[in-house]
Amino acid sequence: MLLVAIDAARHGVPPPPPLIQAVTDGSRQLTLDDLQFDSLGWMEFCISIELQSGQELTPFVVEGMRYVFQIEDWIRERMAP
Amino acid sequence: MLVQELRRMLHKVLSAKGQRRCELDFAALAANCRTQNEFNRLSITLENTLTPAEIASIDKLDLISPTKERSKLWLDKLRNWQPDLFRSPQKYKREDLFPGAIFYEDPATLRGRKSLLLAFCGNAERLMIPVSVFLQILDSSLWNVLVVRKRRSTFYANGIEGVAADFPALAEHIETQLRIHQYRRVVTLGTSAGGFFAIWAAVVIAAQRGISVGGFMPRNMAEPLVAVPADTDFRIVFGETCPLDFERALAIQKLFGGRLQPIAGVAEHNVFGILMKQGRLIEHLQEILA
């Protein structure tokens with residue numbers, strides 16, 4: 001889900017392989033700054049997450065986070081049965 | 001409302017021919033946005049499609065909550081970037097020319113007195129800044145503007161499906177359809193993934209000027225064989241302290257010639273976005289287009 005959203009934030013340009021690997025591995029060190037999105041990119045990212053999960057992650061919510069794993073945790077918590 | 005459904009509705013509304021009734025469209029569309037993300041999808045599409053006057057008309061609507069608050073945040077952002085968009089919007093009307101291409105014209109001024117700008121968007125389907133904000137900077141009595149977008153994850157090199165099979169054919173299609181010989185002057189401009197192709201288009205149609213802003217040639221693309229017209233002036237613009245874009249600018253210059261134009265005080269790829277936030281965009285844009 002994260003990789004699809006990252007792709008959307010990059011406007012269809014696939015992320016570089018090391019970034020894909022870090023996301024796939026669930027790296028705890030990968031920061032949101034490492035993704036290098038601008039404000040439009042974050043809007044597209046959040047739209048994609050909502051489309052895939054139904055969870056309303058917004059750029060405002062993301063502003064309070066620092067690491068990519070925090071987004072994963074946020075989604076997981078809300079999707080737990 | 002699902003975002004896909006919103007996209008379909010938007011396409012239907014925005015691609016309709018003739019005079020638009022933006023007020024009704026916006027209120028209805030925005031009221032259907034269940035979440036902030038759906039509203040963001042709507043606002044991104046509108047700010048990259050509508051004319052400055054259409055955007056300004058939204059500001060005058062009497063909207064109800066939560067659309068009212070969401071719209072205010074969105075429009076205040078645009079107002080902060082370009083206050084004239086609301087004070088005295090340019091008088092462009094828009095018309096779909098072909099899939100992915102919108103033509104903006106103020107019909108009150110004859111084409112022979114105006115310049116034509118062919119603008120090629122980057123992957124984000126805008127000109128580093130929202131198209132409506134970009135248009136507001138260009139005097140509609142002096143410019144007609146064609147904004148071309150490729151579909152996401154496609155390349156201009158492959159043309160546009162149903163319109164042209166490759167890029168030279170696309171440029172020629174534009175040349176014919178817009179009858180560019182009617183204009184006093186023709187300029188091409190492209191940002192990011194559109195920059196290289198703006199330069200190439202200038203070659204194909206022998207425009208007076210071709211401008212690449214943060215442009216680059218796509219990877220895995222063979223260098224086009226081009227005969228560069230002697231009278232075409234190329235400007236290759238990039239952030240002065242953005243090493244990757246400097247390399248890319250050199251590659252474009254090697255192929256087409258032209259003048260490198262580094263922009264001082266910009267380290268990012270998004271040259272126009274940074275200049276706009278610094279309040280320097282108008283002066284720079286007027287200089288590269290003059």
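Labels below follow one simple rule: chain letters A, B, ... track the order of the sequence lines, proteins then strands, and each chain is numbered from 1.
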Report task. Please determine, among Leu57(A), Thr58(A), Leu40(A), the option with the most heavy-atom pairs under 4.5 Å with chain B. Result ->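 It is Leu40(A).
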Query - Asn48(B) and Thr45(B): CA distance, side-chain angles, deciding distance, side chain to side chain contact (heavy atoms under 4.5 Å, CB included) verdict - result: CA-CA 5 Å; Asn48(B) 289 317; Thr45(B) 304; over 6 Å; no
Query raised in the report: With a distance cut-off below 6.0 Å to the six-membered ring centre and an angular limit of 45° from the axis, does Arg78(A) pair with Trp74(A) as a cation-pi contact?
Result: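 Yes, Arg78(A) lies over the aromatic ring of Trp74(A).
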**Report entry** Residue part contacting chain B, namely of Pro14(A), when any heavy atom lies under 4.5 Å
**Finding:**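 For Pro14(A), no heavy atom lies under 4.5 Å from chain B.
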Requested in this report: Go through the steps for Phe196(B) and Phe216(B) under the test ring pair (Phe, Tyr, Trp, His ring centres under 6.0 Å), then give the verdict.
Outcome: CA-CA 5 Å; Phe196(B) 175 85; Phe216(B) 54 89; 8.9 Å; no
Query raised in the report: Does the pair Glu69(B) and Ser65(B) meet the rule for a side chain to side chain donor-acceptor pair (under 3.5 Å), with working shown?
Result: CA-CA 6 Å; Glu69(B) 293 77 16; Ser65(B) 188; 3.0 Å; yes
Query raised in the report: Tell me, side chain or backbone of Ile49(A) under 4.5 Å from chain B's heavy atoms, or both, or neither?
Result: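 Interface part for Ile49(A): neither.
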Query - Residue among Glu56(A), Met43(A), His11(A) with most heavy-atom pairs under 4.5 Å to chain B - result: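 If we count pairs closer than 4.5 Å to chain B, His11(A) comes out on top.
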